[in-house]
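Have a look at the structure below, then the notes.
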Amino acid sequence: MSDKFFFKGRQDARQSHISYGYQTKASHKLGSKKHPLTLVVTSEARKSEVDALVAEARLFAEVTIDSNEGAVESIAELTTLLNKASTVKQDKTPERNDPCNCGSGNKYKKCCG
């Protein structure tokens, strides 16, 4: 007998999910040894400051000096990594029969709840 009679799914092969634009491979992490940051500064003094910031954040970067007239400093990649927001965690309120967190030793329902 053929599988046609018992198959409940699709008859045709599914389209590849890559054709819909989903990125299946993990993106590279900026600031790593394999993918260092590319930063441009305008003076040697500023380069030493940026190098200190990179070393303090434990990142890897290629810092170049552009001393041409009208040159613009480009350290946006570094500032976005340094100012990344962290996850906010909230403390869970105790259940009714848990000990109160004020330190009284009573149950939460008898003290602060």
Side-chain angles (χ1 to χ4, degrees):
M1 258 207 223
S2 174
D3 288 339
K4 274 190 201 176
F5 299 112
F6 302 108
F7 185 71
K8 300 250 179 187
R10 287 188 180 174
Q11 292 290 333
D12 57 338
R14 291 182 181 234
Q15 294 291 325
S16 176
H17 62 279
I18 297 171
S19 65
Y20 295 113
Y22 295 116
Q23 187 177 14
T24 57
K25 298 191 185 245
S27 61
H28 58 275
K29 182 181 177 193
L30 285 176
S32 63
K33 282 185 181 181
K34 192 172 182 180
H35 302 285
L37 300 169
T38 53
L39 308 173
V40 178
V41 294
T42 55
S43 66
E44 188 68 38
R46 183 69 176 144
K47 181 180 179 190
S48 62
E49 292 174 9
V50 170
D51 283 334
L53 286 172
V54 168
E56 182 181 326
R58 295 183 181 151
L59 297 172
F60 295 93
E62 296 173 356
V63 183
T64 58
I65 299 173
D66 187 12
S67 59
N68 294 336
E69 200 170 309
V72 179
E73 189 171 88
S74 172
I75 59 167
E77 294 174 345
L78 178 64
T79 55
T80 55
L81 285 177
L82 292 179
N83 296 333
K84 186 182 260 187
S86 61
T87 305
V88 177
K89 295 182 181 179
Q90 290 184 328
D91 293 333
K92 183 182 160 192
T93 58
E95 298 291 327
R96 289 176 43 87
N97 291 323
D98 289 343
C100 190
N101 53 6
C102 70
S104 65
N106 295 336
K107 290 184 178 182
Y108 181 72
K109 67 181 178 183
K110 300 262 184 175
C111 184
C112 296

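These numbers come from a predicted model, not from an experiment. For reference, positions follow the sequence shown, starting with 1.
Rounded to the nearest 0.5 angstrom, His35 NE2 and Lys33 NZ are separated by 14.0 Å. Note that the CG atom of Asn101 and the CG atom of Asp91 stand 8.5 Å from one another [nearest 0.5 Å]. Distance check, rounded to the nearest 0.5 Å: CD of Glu95 to NZ of Lys107 gives 12.5 Å. For the atom pair CG of Asp51 and CG of Leu39, the computed distance is 9.0 Å after rounding to the nearest 0.5 Å. With rounding to the nearest 0.5 angstrom, the CG atom of Leu37 is 8.5 Å from the OG atom of Ser32. Summarising the geometry, atom OG1 belonging to Thr80 is positioned 7.5 Å from atom CG belonging to Leu30; distances are rounded to the nearest 0.5 Å.
Phe60 and Ile65 end up in different hydrophobic clusters when Ile, Leu, Val, Met, Phe, Trp and Tyr side chains are linked at under 4.5 Å.
A donor-acceptor pair is defined here as one N or O able to donate and one able to accept, closer than 3.5 Å; such a pair exists between the side chain of Glu77 and the backbone of Thr38. The closest donor-acceptor contact from the side chain of Asn83 to the backbone of Thr79 lies under 3.5 Å.
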*Before giving the answer on side chain to side chain contact (heavy atoms under 4.5 Å, CB included), spell out for Cys102 and Cys111 the whole-Å C-alpha distance, their side-chain angles and the decisive distance to 0.1 Å.*
CA-CA 9 Å; Cys102 70; Cys111 184; 3.5 Å; yes
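In this structure, Lys109 places its NZ atom where more than 12 heavy-atom neighbours from other residues, nucleotides or ligands lie under 6.0 Å away.
Partner of Ser74 under the side chain to side chain contact (heavy atoms under 4.5 Å, CB included) criterion, out of Val41, Val40, Asp66: Val40 alone.
Within the 4.5 Å cutoff, the side chain of Ile75 has heavy atoms near those of the Arg46 side chain.
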